[in-house]
Colleague: 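Dropping a structure here in C-alpha cells format, bear with me for questions.
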Amino acid sequence: MTQALKNDRFLRALRREATDTTPVWVMRQAGRYLPEYRATRARAGSFMALAQNPELACEVTLQPLERFELDAAILFSDILTIPDAMGLGLSFAQGEGPQFAHPVRTRADIEKLGVPDMETELRYVMDAVRVIRKELDGRVPLIGFSGSPWTLACYMVEGQGSRDFARLKAMCWSEPALAHQLLDTLAQAVAAYLIAQAAAGAQALMIFDTWGGLLGPAPFREFSLRHMARVVEALKAHPASRDLPVTLFSKGAGQHLATMADTGCTALGVDWTIDLADARQAVAGRVALQGNLDPAILQADPEVIRREVRRVMDSYGNHPGHVFNLGHGITPEVNPEHVKVLVDEVHAYGRQLRG
C-alpha cells in the first residue's frame, strides 16, 4: 500500500495543517439516496449480501466519488458486523432496521462472548478494505470505522433498534459490573477490528458512538467515553494504527467535547446541535473538528444549502483543522444533485476564506 495520495487535504486537515480549501465527505455518502447504490443492492439481493461481498462493497464505496469531488472514501460496511461475528445472528428486515436473533440479556450470554478473529469471521471486511484501497489507487484516503462499545452494546442487549435502549440502561444501573464486562469485551473487539482495518489499508479511523447522547453526563463518562478511550489507547499503541488519525463521533454529546478530546483522539465529529465556534472553544485547538450541517438542510433549495454551508464554515472560521460533514448521516430521500451543491460550495467557499 504505497500509492502516493493525489488528494491528501482530508488527512492534512485532521492533522490541523494548512489546506488549499476545506475538505468534505458525507456520513453515509454511499447509500440509498443514490440510484446506483439501490441498483447494486438489488443485484446483491440483501444488505448483508452486499456488505459481505468485497467487490460489491468496493463498488458502492466508490459510487459517490464518481459523482462528487469528495475528499475521502469511507468503507461500505455496517456498525453491527462485530456482534454478528460474535454469533448474535444479524438480519435487516425491510423497513425495520437491524435485528439480532440472539440478543445478549444474561450473565451467561455475556460470558460466552469472545473477540472474533478479524481475518476469519470478519475477513470480508478486511478484504473489502484491501480491494477498495487498490481500486482507489491513491485518489483520496480511505476511512475505516467501527461502532463504539456503547452503541454496539445498545443493539446487542435490546436485540434491535430502540428510542431509548432501556434494557442496557437498566443493566448499567442494576448490574454495572456486568455492563462493564460486556463493554470491556466490546472495547477489545473494536480495537482489534480497527487495527485490522489499518493493517489492511485504511488510512484514517472513525468510531461512531451513535447512542452516547442517550446518557446523562456521569453515565456517559463511565459507560461510553471510558471504553472509547480504551480503544483509542489501544490504537495508539499498535504499530499498524498508531500513526493513523482517529475521529470520535458521539451524537448528542456536544457537552462532552472537552473530555472527549482528552482521549488522545485526532478529531471529534460534531452534530448540528452545537455551533462550531463553541466546539472550537471547548477543545481549545487540541483536536480537529468534523461537521456539522443538519442533514435535513439537503432537502432545501440549492441557494439555502449554499447559505447554510457558508454559515457552518463561518462559524469555524479561517482556521486549520476543519473537515466539513453533516451532523449525522445523509437521509435516503435527498436529491443527489443537492449533495453536489454542498460539496462544490464547501470547496469554493473554502478557497475564498483562504484567499
Colleague: For R32, is there an ion pair with E333 - N to carboxylate O distance below 4.0 angstrom?
Modeller: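 Not counted as a salt bridge, because no side-chain N and carboxylate O are separated by less than 4.0 Å.
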Colleague: What do the steps show when you test T263 against E233 for side-chain hydrogen bond (donor to acceptor under 3.5 Å, both in side chains), and what is the final call?
Modeller: CA-CA 8 Å; T263 62; E233 182 181 15; over 6 Å; no
Colleague: What's the verdict on salt bridge (Lys or Arg N to Asp or Glu O under 4.0 Å) for E175 and R167, showing C-alpha distance, side-chain angles and the deciding distance?
Modeller: CA-CA 11 Å; E175 298 181 274; R167 281 191 170 97; over 6 Å; no
Colleague: Could you check whether E135 and T61, counting side-chain N and O atoms only, form a donor-acceptor pair closer than 3.5 Å?
Modeller: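 No.
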Colleague: Run the side chain to side chain contact (heavy atoms under 4.5 Å, CB included) check on M118 and I195 step by step: do they pass?
Modeller: CA-CA 9 Å; M118 300 302 154; I195 289 166; over 6 Å; no
Colleague: Specify the closest pair of heavy atoms between G327 and P295, including all atoms of both residues, with the distance to one decimal.
Modeller: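 For G327 versus P295, the nearest heavy atoms are N-CD, 4.3 Å.
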Colleague: Is there a donor-acceptor pair under 3.5 Å between the side chain of K169 and the backbone N or O of L214?
Modeller: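 Confirmed, K169 side chain pairs with L214 backbone.
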Colleague: Can you label the angle between the F165 ring and the Y155 ring as parallel, tilted or perpendicular, going by 30° and 60°?
Modeller: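 If you compare the ring of F165 with that of Y155, the planes turn out perpendicular.
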Colleague: If you take all heavy atoms of L183 and A153, which pair is closest and at what distance?
Modeller: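 Distance-wise, the nearest heavy atoms are CD2-CB, 3.8 Å.
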Colleague: With ring-ring contact (aromatic ring centres under 6.0 Å, His included) as the rule and sequence neighbours excluded, what pairs involving residues 228-268 come up?
Modeller: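 Qualifying pairs: F220-H256.
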Colleague: Of H322, H347, R354, which meets side-chain hydrogen bond (donor to acceptor under 3.5 Å, both in side chains) against T22?
Modeller: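 Only one of H322, H347, R354 forms a side-chain hydrogen bond (donor to acceptor under 3.5 Å, both in side chains) with T22, namely R354.
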Colleague: Any side-chain heavy atom of P103 within less than 4.5 Å of one from V157?
Modeller: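 When only atoms from C-beta onward are counted, V157 and P103 do not touch, as no gap falls below 4.5 Å.
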Colleague: Looking at T106 and D109, would you say the former's side chain and the latter's main chain have a donor-acceptor pair under 3.5 Å?
Modeller: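 Indeed, once roles are kept as given, a pair shorter than 3.5 Å links the two residues.
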Colleague: Cation-pi check, R41 to F47: give yes when NZ or CZ is under 6.0 Å from the six-membered ring centre and within 45° of the ring axis, no otherwise.
Modeller: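 Not flagged: R41 not positioned over aromatic ring of F47.
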Colleague: Is there a side-chain contact between V104 and M171 (heavy atoms, below 4.5 Å)?
Modeller: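 No, side chains not in contact.
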Colleague: Output the distance between atom CD (Q281) and atom CD1 (I274), rounded to the nearest 0.5 Å.
Modeller: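 Between atom CD of Q281 and atom CD1 of I274 there are 10.0 Å.
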Colleague: Tell me whether V343 shares a hydrophobic cluster with V341, the cluster being built from Ile, Leu, Val, Met, Phe, Trp, Tyr side chains joined at under 4.5 Å.
Modeller: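 Yes: a chain of side-chain contacts under 4.5 Å links V343 to V341.
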Colleague: Checking side chain to side chain contact (heavy atoms under 4.5 Å, CB included) for the pair R28/Y33: CA distance, chi angles, key distance, verdict?
Modeller: CA-CA 9 Å; R28 294 191 194 138; Y33 75 104; over 6 Å; no
Colleague: Tell me whether Q63 contacts the main-chain N or O of Q29 through its side chain, where contact means a donor paired with an acceptor under 3.5 Å.
Modeller: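 No, because the side chain of Q63 does not come within donor-acceptor range (under 3.5 Å) of the backbone of Q29.
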Colleague: List the steps, then state whether side chain to side chain contact (heavy atoms under 4.5 Å, CB included) holds for N292 with V312.
Modeller: CA-CA 7 Å; N292 67 336; V312 168; 3.5 Å; yes
Colleague: Carefully, step by step, assess F76 and Y37 under the rule ring-ring contact (aromatic ring centres under 6.0 Å, His included).
Modeller: CA-CA 11 Å; F76 179 80; Y37 168 87; 5.7 Å; yes
Colleague: Compare every heavy atom of L342 with every heavy atom of V26, then report the nearest pair and how far apart it is.
Modeller: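 Reported closest heavy-atom pair: CG2-CD2, 4.5 Å.
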Colleague: Nearest 0.5 Å please: distance from the OG1 atom of T19 over to the CG atom of N7.
Modeller: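 The distance works out to 10.0 Å.
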Colleague: Among V190, L205, L248, V246, find the residue that satisfies the side-chain contact (heavy atoms from CB on, under 4.5 Å) test when tested with V231.
Modeller: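 Testing V231 for a side-chain contact (heavy atoms from CB on, under 4.5 Å) against V190, L205, L248, V246 leaves exactly one candidate, V190.
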Colleague: For the pair R130 (side chain) and G201 (backbone), establish whether a donor and an acceptor sit closer than 3.5 Å, ignoring hydrogens and angles.
Modeller: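 Not at all, since once roles are kept as given, no pair shorter than 3.5 Å links the two residues.
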Colleague: Taking the side chain from N325 and the backbone from M27, do they hold a donor-acceptor pair closer than 3.5 Å?
Modeller: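 Answer holds: yes.
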Colleague: OG1 of T21 to CE of M313: how many Å apart, nearest 0.5 Å?
Modeller: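 Reported value, rounded in 0.5 Å steps: 5.5 Å.
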Colleague: If you count the non-hydrogen atoms of other residues, nucleotides and ligands that lie under 6.0 Å from CD in E69, is the total more than 12?
Modeller: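 No, not enclosed.
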Colleague: Can you tell me how far OG1 of T331 sits from CG of L298, rounded to the nearest 0.5 angstrom?
Modeller: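 One finds 7.0 Å between CG of L298 and OG1 of T331.
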Colleague: Tell me, do H227 and L186 make a side-chain contact under 4.5 Å, heavy atoms counted?
Modeller: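 They are not in side-chain contact.
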Colleague: Would you check if there is a donor-acceptor pair between the side chains of S91 and Q99 at a distance under 3.5 Å?
Modeller: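 Distance-only check fails for Q99 and S91.
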Colleague: With a 4.5 Å limit on heavy-atom distance, are the side chains of F10 and V323 in contact?
Modeller: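 They are in side-chain contact.
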Colleague: Are the side chain of K236 and the backbone N or O of C265 linked by a donor-acceptor pair below 3.5 Å?
Modeller: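 Not at all, since once roles are kept as given, no pair shorter than 3.5 Å links the two residues.
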Colleague: Does any non-hydrogen side-chain atom of F324 lie less than 4.5 Å from one of P23?
Modeller: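 They are not in contact (no side-chain heavy atoms under 4.5 Å apart), so the answer is no.
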Colleague: Carefully, step by step, assess D262 and T259 under the rule side-chain hydrogen bond (donor to acceptor under 3.5 Å, both in side chains).
Modeller: CA-CA 5 Å; D262 291 338; T259 49; 5.7 Å; no
Colleague: State yes or no: do W272 and L293 share one hydrophobic cluster built from I, L, V, M, F, W and Y residues joined by side-chain heavy-atom distances below 4.5 Å, directly or via other members?
Modeller: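 Cluster IDs for W272 and L293 differ.
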Colleague: Could you check whether any side-chain heavy atom of L268 comes within less than 4.5 Å of a side-chain heavy atom of T247, counting everything from C-beta outward?
Modeller: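 L268 does not reach T247 side chain to side chain.
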Colleague: Output yes when R306 and D344 qualify as a salt bridge under the 4.0 Å nitrogen-oxygen rule, no when they do not.
Modeller: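 No, this pair does not count.
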Colleague: Side chains of K251 and D209: closer than 4.5 Å at any heavy-atom pair?
Modeller: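 K251 does not reach D209 side chain to side chain.
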Colleague: Are D20 and R9 close enough for a salt bridge, meaning some N to O gap below 4.0 Å?
Modeller: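 The answer is yes: the pair qualifies as a salt bridge.
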Colleague: Just how far is it from atom CD of E121 to atom CG of D84, taken to the nearest 0.5 Å?
Modeller: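 One gets 10.5 Å once the value is rounded to the nearest 0.5 Å.
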Colleague: If we only count heavy atoms from C-beta on, is the L326 to D294 side-chain gap below 4.5 Å?
Modeller: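 No. Closest side-chain heavy atoms not under 4.5 Å.
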Colleague: Applying the 4.5 Å side-chain criterion to the ILVMFWY set and letting contacts propagate, would L142 and Y193 be lumped into a single cluster?
Modeller: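 Shared cluster, yes.
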Colleague: Salt bridge check, R105 against E158: does any charged N sit closer than 4.0 Å to a carboxylate O?
Modeller: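 Between R105 and E158 there is no salt bridge, as every charged N stays at least 4.0 Å from the carboxylate O atoms.
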Colleague: Look at the rings of W173 and F223 and say which category their plane angle falls in: under 30° parallel, 30 to 60° tilted, over 60° perpendicular.
Modeller: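 Perpendicular.
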Colleague: Before you tell me yes or no, could you show the steps for N53 and Y124 under side chain to side chain contact (heavy atoms under 4.5 Å, CB included), namely the whole-Å CA-CA distance, both residues' side-chain angles and the distance that decides it to 0.1 Å?
Modeller: CA-CA 7 Å; N53 182 312; Y124 67 91; over 6 Å; no
Colleague: Taking only Lys NZ, Arg NE, NH1 and NH2, and the carboxylate oxygens of Asp or Glu, determine whether R310 and D314 approach each other closer than 4.0 Å.
Modeller: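 So R310 does not pair with D314 through a salt bridge.
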Colleague: Compute whether any side-chain donor of one residue and acceptor of the other, for T81 and D78, lie under 3.5 angstrom apart.
Modeller: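 On atom types as modelled, these side chains do not qualify, holding no pair under 3.5 Å.
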Colleague: Tell me the closest heavy-atom pair linking W150 and C172, and the distance in Å.
Modeller: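 Minimum heavy-atom separation between W150 and C172: CZ3-SG, 3.6 Å.
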Colleague: So which heavy atom on R139 is nearest to which on E66, and how close?
Modeller: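 Scanning both residues completely, I find the closest heavy atoms to be NH1-OE2, 2.9 Å.
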Colleague: For atom NZ of K340, is the number of surrounding heavy atoms from other residues, nucleotides or ligands below 6.0 Å larger than 12?
Modeller: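 At most 12 heavy atoms, drawn from other residues, nucleotides or ligands, come within 6.0 Å of this atom.
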Colleague: Roughly how far, to the nearest 0.5 Å, is CZ of R67 from CD of E337?
Modeller: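 These two atoms lie 6.5 Å from each other.
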Colleague: Salt bridge check: are R123 and D127 linked by an N-O gap of less than 4.0 Å?
Modeller: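 D127 and R123: salt-bridged.
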Colleague: Between S146 and I79, what is the shortest heavy-atom contact and its length?
Modeller: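 Closest approach of S146 to I79, heavy atoms only: C-CG2, 4.5 Å.
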Colleague: Flag the pair R351 and E345 as a salt bridge only when some basic side-chain nitrogen lies within less than 4.0 angstrom of an acidic carboxylate oxygen.
Modeller: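 Here R351 does not pair with E345 in a salt bridge, since their nearest N and O are not under 4.0 Å apart.
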